[in-house]
Protein chains: 2
Amino acid sequence: MPDDLSLRVTPQPVRRQVEERLRDAIITSRFAPGEHLSDRMLCDLFGVSRGVIREAVRLLEAEGLIHVVPNRGPFVAYLSAAEATQVYEVRAVLEALAGQGFAERASAEEIAELRAVYEELAATRPGSDRLVLLGLKRRFYDVMLRGCRNAYVARMLDQLLNRNSQLRATTLSDPTRLPQTIIEIRRIVEAVERRDRDGAWEACRDHVMQAARVALRILNEQAAMASRAAETAAD
Amino acid sequence: MPDDLSLRVTPQPVRRQVEERLRDAIITSRFAPGEHLSDRMLCDLFGVSRGVIREAVRLLEAEGLIHVVPNRGPFVAYLSAAEATQVYEVRAVLEALAGQGFAERASAEEIAELRAVYEELAATRPGSDRLVLLGLKRRFYDVMLRGCRNAYVARMLDQLLNRNSQLRATTLSDPTRLPQTIIEIRRIVEAVERRDRDGAWEACRDHVMQAARVALRILNEQAAMASRAAETAAD
DNA sequence: GGGCCCAGGATTGACAGACAATTCTACAGG
DNA sequence: CCTGTAGAATTGTCTGTCAATCCTGGGCCC
């Protein structure tokens, strides 16, 4: 089996760069949900040919980040409240599995790395930028998904995290939520340090379920705000 | 929110057909794992242009069915024993979640449908063709993934089932395995009929874990056989 | 004013051809 | 037997073309 630390270099086609940058642009909300990503616009933006753009779009379509309407082209995927509920349901079990795997199989170095990222996260002050927080949390997951020694759970969780990154950025930067998040994550780190597979499972699962609660509350508030705005506009 | 029973018709681009047929060809082993899928060959085979082929390949790459090596093109993905273990680990929790969701949220019609597919499966005789069995089992999953009311678990499980369909076909058609499979599936159906969410979770999880045991045994046998063949060849 | 229809422009979906860069293949030479 | 290299084949990318479809805006009728 090839080692993950393999020194093999592989050329990176232009296509990959476009995939990565476009993915990143969507995740960091530089394109708004529902926005139309027309061929020509992306060609100009990235300075590549239509073929490359279309291939990248197909890949992100399969990842669920882009929704393609026949004869109308690609749009940035939009996550409804109902879908968000489903995403959190799946995330709960996948993160639990990842946490369990990490507790069982991560190296001592990886556990130390996880704690280091946790300490960094715990040291942030409430006013931090959404994207900074999201980036930190992302690093936490990167360590976790690497250490759980299961490329499939890593891939699928990665997709889910990207899919609802917008909502996650919102909940993370909620000032009342952040201290709670830090406590939950500490539980994960501590369970992992004890090599407690069931504890890690529970802590991860609990963390996602708490996040889901906050996310759905925010979604409801937004919906209420939107309907109130609609009423005002109708006056 | 758009109803799943929407009568809306959407045009099907050529691209989609190629995606579906190519996916199907890989799943049903009409292309062997590791086989090289060169542009020109696929162009001739499907009678479409390179652009369409390349877009379809990109989609199946994201689904994990195709592995792309830079400057060497796409290859049918190959599942190692280590990866198979990981796939079964993820499948176990996702199927458990799907089963639980089905027990909670499926309609009475869907539950009846699940039983109907089960009865059909239970009525097969041991000698049946691998692909026939795989198709039946697939219909079982189709009902389950529709009734669990979670599009994300459905999508991810769908990908995983495709990803190791070859191995599944092998284990399913193992004559000693089939009766056991049927018993396990009956447990799922019965739990669902009782609306027993925990029971459905356990039954689904157990089913996957049993399948994993058989699959890994077969993989080991194949490995042993291969090494024996290598010895013979070396004589 | 509101609704309907239609022409024109813009965009998507698909095709063919071209070309540099890379990889594979096979053959000759040490 | 190993090595090196020339030529063929393939990939990655770009450009241009064209039909089909969608959106827009204006004109027309009620």
Side-chain angles (χ1 to χ4, degrees), chain A residues 2 6-23 25-26 31-63 65-78 233-234, chain B residues 2 6-23 25-26 31-63 65-78 233-234:
Chain A
S6 155
L7 295 179
R8 177 186 182 78
V9 296
T10 58
Q12 284 288 79
V14 174
R15 177 190 350 116
R16 295 276 174 241
Q17 288 183 40
V18 175
E19 284 163 15
E20 283 171 28
R21 284 168 191 267
L22 186 52
R23 186 189 294 114
I26 294 175
F31 292 118
E35 190 172 343
H36 187 201
L37 303 172
S38 81
D39 274 12
R40 198 155 319 252
M41 186 266 281
L42 294 177
C43 285
D44 294 348
L45 191 58
F46 290 106
V48 297
S49 72
R50 271 180 83 200
V52 171
I53 292 293
R54 292 176 61 90
E55 289 185 39
V57 165
R58 226 49 71 198
L59 197 106
L60 297 187
E61 179 191 0
E63 290 182 8
L65 254 36
I66 285 179
H67 178 69
V68 176
V69 181
N71 286 316
R72 304 223 296 123
F75 296 80
V76 178
Y78 165 76
Chain B
S6 155
L7 295 178
R8 178 186 182 76
V9 297
T10 57
Q12 284 288 78
V14 174
R15 177 178 71 251
R16 297 272 174 245
Q17 289 183 40
V18 174
E19 284 163 16
E20 282 169 28
R21 283 169 192 266
L22 186 51
R23 184 188 296 114
I26 293 175
F31 291 116
E35 190 172 345
H36 186 204
L37 302 173
S38 80
D39 275 10
R40 199 157 314 258
M41 185 265 280
L42 294 177
C43 284
D44 295 347
L45 191 58
F46 290 105
V48 296
S49 71
R50 269 181 86 202
V52 172
I53 292 293
R54 292 178 61 89
E55 289 185 40
V57 165
R58 225 49 70 200
L59 197 107
L60 298 187
E61 178 190 2
E63 291 182 8
L65 254 37
I66 285 180
H67 178 71
V68 176
V69 181
N71 286 314
R72 304 222 297 123
F75 296 81
V76 178
Y78 164 75

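Bear in mind the structure is a predicted one, so any value in this text is a computation, not a measurement.
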Within-4.5 Å side-chain heavy-atom neighbours: [X] and [Y]:
{"X": "Leu37(A)", "Y": "Val57(A)", "result": "no"}
{"X": "Val69(B)", "Y": "His36(B)", "result": "no"}
{"X": "Glu19(A)", "Y": "Glu63(A)", "result": "no"}

Query raised in the report: Can you find a side chain N or O atom of His36(A) that sits less than 4.0 Å from OP1 or OP2 on dC22(D)?
Result: no
Requested in this report: Ignoring backbone atoms, establish whether Arg40(B) has a side-chain N or O less than 4.0 Å from OP1 or OP2 of dA9(D).
Outcome: no
Could you give the [atom1]-to-[atom2] distance, from [X] to [N], as a whole number of Å?
{"X": "Asp39(A)", "N": "dT17(D)", "atom1": "CG", "atom2": "P", "result": "18 Å"}
{"X": "Gln12(A)", "N": "dT11(D)", "atom1": "CD", "atom2": "C1'", "result": "15 Å"}
{"X": "Leu37(A)", "N": "dG13(C)", "atom1": "CG", "atom2": "P", "result": "13 Å"}
{"X": "Arg15(B)", "N": "dT12(C)", "atom1": "CZ", "atom2": "C1'", "result": "9 Å"}
{"X": "Arg16(B)", "N": "dG13(C)", "atom1": "CZ", "atom2": "P", "result": "9 Å"}

**Report entry** Arg58(B) and Glu55(B) ion-paired at < 4.0 Å
**Finding:** no
Report summary line: Residues Ala32(A) and Val76(A): closest non-hydrogen pair is O-CB, 3.4 Å
Query raised in the report: Can you name the nearest heavy-atom pair linking Cys43(A) to Ser49(A), along with the distance?
Result: SG-C, 3.9 Å
**Report entry** Residue-level proximity of residues 43-57 of chain A to DNA chain C when a heavy atom falls under 4.0 Å
**Finding:** Arg50(A), Arg54(A)
**Report entry** Selected nucleotide, minimal atom distance to Asn71(B) side chain, candidates dT13(D), dC24(C), dT22(C)
**Finding:** dT22(C)
